[in-house]
Amino acid sequence: MRRPSRRVVVVAVVVAVAAGLLMVGLPHPRMSTPFAPTAAAAPADPAPPAEPVWRTQADTLRTGQTVSGLLSRSGLASGEIANVLSAATALDARHARAGMPIIVRSRTADSIPSEIIFKLAVDRLLHIRRTDSGWTSIEVRLPWTSDTVVVSGTINSNLYDAIDSAAPALPRAVRTELAWSLADIYEYRVDMSRDLREGDSFRALFVRQQGPGGAERVGDVLAARFTFSGDTTEAFRFVAGADSDVAYYDQDRKSLRAEFLRVPLQFRRISSVFGRRFHPILKRWREHTGIDYAANAGTPVRAIGSGTVIYAGRMGGYGNAIDIRHANGFVSRYGHMRAFAHGIHRGVHVTIGQTIGYVGMTGLATGPHLHFEIRVNGVARDPRVVLKNNKGFPIPKGDLARFDQVRHSLLLALNDTGRARQLAAR
């Protein structure tokens with residue numbers, strides 16, 4: 001084959017170059033925009049800073065320890081501790097309870113804590129944070145939810161055991177709180193420590209509040225029914241009158257509040273009853289003219305009714321004692337007290353439920369307790385008998401129709417066996 005001459009090759013190269021130059025200004029048939037030189041690639045964005053690594057430590061306030069000591073153990077210097085406590089306006093550092101939890105958060109690259117969380121209560125958290133301008137605090141309230149629960153049981157020994165048997169699914173603290181609430185409602189009619197008999201029964205409808213971390217507590221008791229030795233007394237929570245006074249009324253539309261309390265202490269165990277007993281100090285049998293209530297020393301003693309103090313001082317074997325004369329002529333006596341309340345002396349007027357002194361063991365007493373008795377015409381009488389017929393005032397006439405409606409609704413809920421079965425099945 002003949003090889004092309006050098007002239008032909010040169011011409012071909014020139015034609016190709018010229019064609020290429022012409023193509024520079026023409027759009028490519030597959031391009032929608034004129035050709036442009038490729039720009040240099042933009043530099044990549046810098047990588048985001050790494051998230052700080054937090055270190056969290058939990059601690060609790062120990063018995064006898066100060067909040068300052070707790071914060072010091074968590075790594076705060078004395079100057080920072082003062083600033084933290086100054087910012088923590090919701091925290092009473094002088095009266096902080098032992099066992100109070102605390103959480104301290106700090107960055108691993110920073111030795112000074114950045115956030116401190118105090119658990120003031122089961123539903124209250126105090127967050128204290130370190131900012132550029134200093135320490136700031138915010139109190140957080142955790143929500144509670146509510147439902148209604150029915151508890152029903154029979155008395156075999158006492159109210160505590162009856163509630164324990166009837167509602168074992170409830171936390172023990174809730175069962176105890178329910179017993180106290182029921183005793184408070186009925187305290188004008190029944191001495192829960194003495195009047196209950198084996199076979200008596202109760203039924204209660206109350207609001208159960210459930211909070212963070214599974215916490216539970218008793219809200220309002222809405223209705224209750226007790227049968228004592230065959231006699232039934234119901235209680236219905238009702239807001240009566242223009243003053244929005246919350247009270248409990250029975251099935252006869254009478255207030256459970258009455259002229260006298262049945263007991264001078266809140267619900268407590270009774271160590272002795274009215275009648276003859278073997279005296280623990282004199283070592284002989286003698287008539288016991290009252291009821292002894294065992295209670296911790298210092299427990300407040302209440303006047304069972306309004307009246308005038310006719311004696312306040314040392315009274316032989318009674319120790320420190322107070323006599324109160326009431327409008328109906330009864331005299332209530334309170335013995336063995338450690339001390340009298342401020343302002344209590346002969347001639348002073350006291351009101352029902354007022355604190356008049358504190359449980360002690362003065363006089364002939366082997367341990368802290370309150371001796372309580374009622375005297376009628378100077379003769380000691382069994383308080384259980386004297387105070388038994390203790391009826392309250394009727395509901396105002398203007399509230400009768402509304403009370404009947406409320407009572408009807410509460411009875412339906414109180415008699416709802418489904419609520420009780422649901423609680424027992426938990």
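In this text the structure is predicted, and so the values were computed from the model without any measurement. Reckoned from all heavy atoms, side chains included, excluding hydrogens, waters and symmetry mates.
With hydrogens and angles left out, the side-chain atoms of T232 and T227 include a donor and acceptor closer than 3.5 Å. In this model, a donor atom of one side chain and an acceptor atom of the other lie less than 3.5 Å apart for S133 and T131. In the model, R130 has a side-chain atom that pairs as donor or acceptor with a side-chain atom of S114 under 3.5 Å.
Annotation for A90 and E139: closest pair CB-OE1, 3.5 Å, computed over non-hydrogen atoms.
Screening R129, E115, E80 for a side-chain contact (heavy atoms from CB on, under 4.5 Å) with W135, the sole residue that qualifies is E80.
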R217/E177 under side chain to side chain contact (heavy atoms under 4.5 Å, CB included): CA gap, chis, key distance, verdict: CA-CA 8 Å; R217 66 188 181 191; E177 187 179 357; 4.1 Å; yes

Derivation of the salt bridge (charged side-chain N to carboxylate O under 4.0 Å, His left out) call for D399 and R402: CA-CA 5 Å; D399 290 322; R402 187 165 56 89; 3.2 Å; yes

Audit row: V350, I344, side chain to side chain contact (heavy atoms under 4.5 Å, CB included) steps and yes/no: CA-CA 8 Å; V350 296; I344 297 299; 3.8 Å; yes

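Salt-bridge annotation for R237 and D220: present, with a side-chain N of the basic residue lying under 4.0 Å from a carboxylate O of the acidic one. Of the charged side-chain nitrogens involved, none lies within less than 4.0 Å of a carboxylate oxygen, so that R407 and D404 do not count as a salt-bridged pair. A salt bridge is absent between R175 and E216: the closest approach of a Lys/Arg side-chain nitrogen to an acidic carboxylate oxygen does not fall below 4.0 angstrom.
Note that R333 lies in the cation-pi zone of Y318, set by a 6.0 Å cut-off to the ring centre and a 45° limit from the axis.
A distance of 6.0 Å or more separates the ring centres of Y249 and F236. Between F226 and Y186, the gap from one ring centroid to the other is short of 6.0 Å. Remark: aromatic rings of Y293 and H369 are distant, center separation not under 6.0 Å. In this structure, H326 has its ring center closer than 6.0 angstrom to the ring center of F260.
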